[in-house]
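In what follows, every chain begins at residue 1, and chains take the letters A, B, ... in the order their sequences are listed.
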2 protein chains.
Amino acid sequence: MEQQTLAILHNANLKATAPRLAILKVFAGNHLPINAEHIYAKVRSSNINEATVYRTLASFEEKGIVKQVDLRKDSTYYELASGHHHHHIVCTDCGKVEDFESCSVDKISDKVLSQSSKFSVIKEHSLELFGTCNACVKK
Amino acid sequence: MEQQTLAILHNANLKATAPRLAILKVFAGNHLPINAEHIYAKVRSSNINEATVYRTLASFEEKGIVKQVDLRKDSTYYELASGHHHHHIVCTDCGKVEDFESCSVDKISDKVLSQSSKFSVIKEHSLELFGTCNACVKK
DNA sequence: ATTACAGTTGCAAGTAACTTGCAACTGTAA
DNA sequence: TTACAGTTGCAAGTTACTTGCAACTGTAAT
């Protein structure tokens with residue numbers, strides 16, 4: 001686990017520093033998407049600076065270690081890029097987030113590329129559902 | 001057209017003020033998603049304030065006149081909610097945006113709802129593709 | 001083990017995108 | 001025509017994030 005973490009950083013050409021290890025650990029212990037503020041709350045006791053959290057998230061994203069998730073909240077959320085492909089359903093009332101797995105976007109991508117004259121490469125996609133969770137429906 | 005615009009505002013219980021009419025006109029003349037800055041640039045000559053643009057976008061969204069589009073840019077983009085259902089493909093290099101129409105998210109939504117114990121209502125979804133446009137691939 | 005240095009960090013100041021308090025104004029229904 | 005809830009402009013404020021810079025540190029080469 002620790003070895004794996006070091007390998008992730010090494011492969012990405014990133015030094016294995018304390019802040020990066022701590023932030024990776026937070027991701028490992030959190031399967032739902034998480035934002036900078038939340039991460040900072042968990043690592044500030046180790047004297048890790050808020051700016052470092054933002055810089056780390058940016059470099060992790062650039063290297064493909066984490067990916068952005070568009071939850072239509074005020075801040076940017078991230079989750080580990082490793083792990084099986086999935087998407088999210090978000091309650092627009094209370095913000096609850098749940099994962100879901102069925103995703104047929106590859107088919108859509110192929111179709112879109114065959115019809116587009118301007119694009120030929122698709123690297124990522126977002127697919128999030130916005131609705132109301134059972135608890136909020138009852139209100 | 002003008003009548004239609006007035007009806008939109010009336011149905012939404014929003015007064016037909018000059019700023020709102022001007023902003024709706026900008027949307028009507030722009031089929032791609034647009035942000036507050038871009039809208040402000042087009043209406044500031046009519047002495048419409050930037051804060052009014054933001055407030056108008058917020059109320060239009062709340063009333064369902066426009067909807068947010070998650071393009072992973074620094075600011076929030078919107079487009080008219082009327083018009084046929086479509087999504088976007090975004091170049092992560094230069095920011096170019098193109099529409100596409102094929103969308104089978106309804107099927108996915110049904111499946112997700114049947115499998116979720118926490119959600120039973122889906123109101124919206126996002127589905128955006130991120131890749132590289134032909135012009136940027138050549139670089 | 002030691003060294004050299006590019007990469008990384010903490011700190012504090014800065015920026016971009018948006019929000020809000022408030023007094024003046026204005027569509028709209030009566 | 002009037003009354004007033006809703007709307008606006010302005011300026012100040014907030015939030016999320018970024019950046020300049022000097023000090024520090026992991027890493028590869030010695």
Side-chain angles (χ1 to χ4, degrees), chain A residues 2-3 5-26 33-63 65-78 95, chain B residues 2-3 5-26 33-63 65-78 95:
Chain A
E2 179 67 6
Q3 280 306 327
T5 300
L6 291 175
I8 289 171
L9 293 174
H10 188 80
N11 289 339
N13 251 303
L14 295 173
K15 286 188 187 171
T17 62
R20 286 172 180 163
L21 293 169
I23 291 170
L24 277 179
K25 203 169 168 184
V26 172
I34 186 172
N35 66 4
E37 188 189 359
H38 194 168
I39 292 171
Y40 178 53
K42 296 208 170 194
V43 300
R44 67 179 307 173
S45 57
S46 316
N47 284 322
I48 293 168
N49 194 270
E50 206 178 351
T52 301
V53 172
Y54 281 103
R55 281 191 280 229
T56 301
L57 288 172
S59 63
F60 281 7
E61 219 235 323
E62 192 196 329
K63 300 296 187 174
I65 297 171
V66 300
K67 54 186 176 185
Q68 274 191 44
V69 186
D70 303 318
L71 300 182
R72 296 191 187 172
K73 303 202 181 188
D74 292 337
S75 56
T76 305
Y77 280 70
Y78 299 88
Chain B
E2 178 67 4
Q3 279 309 326
T5 300
L6 291 175
I8 289 171
L9 294 175
H10 187 80
N11 289 338
N13 251 304
L14 296 173
K15 284 186 188 173
T17 62
R20 287 173 179 160
L21 292 170
I23 291 171
L24 276 180
K25 203 169 170 184
V26 172
I34 187 172
N35 67 4
E37 189 188 358
H38 195 168
I39 291 172
Y40 179 52
K42 296 207 171 196
V43 301
R44 68 179 306 173
S45 58
S46 316
N47 285 319
I48 292 168
N49 194 268
E50 207 177 351
T52 301
V53 172
Y54 282 104
R55 281 191 279 228
T56 301
L57 288 172
S59 64
F60 280 7
E61 219 235 323
E62 193 197 329
K63 300 296 188 174
I65 297 171
V66 301
K67 55 186 178 187
Q68 273 192 44
V69 185
D70 302 318
L71 300 182
R72 295 192 186 172
K73 304 202 180 188
D74 292 337
S75 55
T76 305
Y77 281 69
Y78 298 87

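Partner assigned to D/dT1 is C/dA30, using Watson-Crick or G-U wobble distances below 3.5 angstrom. A 3.5 Å limit on both hydrogen-bonding distances identifies D/dA28 as the Watson-Crick or G-U partner of C/dT3. If you check D/dA22 for Watson-Crick or wobble pairing at under 3.5 angstrom, you find it paired to C/dT9. Judged by Watson-Crick or G-U wobble contacts below 3.5 Å, the nucleotide C/dT15 has D/dA16 as its partner.
For the atom pair CD1 (B/Ile65) and CG (B/Leu9), the distance works out to 5.5 Å, reported to the nearest 0.5 Å.
A/Leu21 has its CG atom 9 Å from the P atom of D/dT27, to the nearest Å.
OP1 and OP2 of C/dT19 both lie 4.0 Å or more from every side-chain N or O belonging to B/Arg55. For D/dC17, the OP1/OP2 oxygens have a side-chain nitrogen or oxygen of A/Thr76 closer than 4.0 Å. Between B/Thr17 and D/dT8 there is a side-chain N or O to OP1 or OP2 distance below 4.0 Å. Remark: B/Asn49 is in phosphate contact with D/dC10, judged by side-chain N or O atoms under 4.0 Å from OP1 or OP2. Residue A/Tyr54 has no polar side-chain atom (N or O) positioned under 4.0 Å from OP1 or OP2 of D/dT18.
Among the protein residues, A/Asp74 comes within range of the sugar-phosphate backbone only, with heavy atoms under 4.0 Å from sugar or phosphate atoms but none that close to a base.
Here the side chain of A/Ala16 is nearest to one of D/dT7, D/dT27, C/dG10, namely D/dT27.
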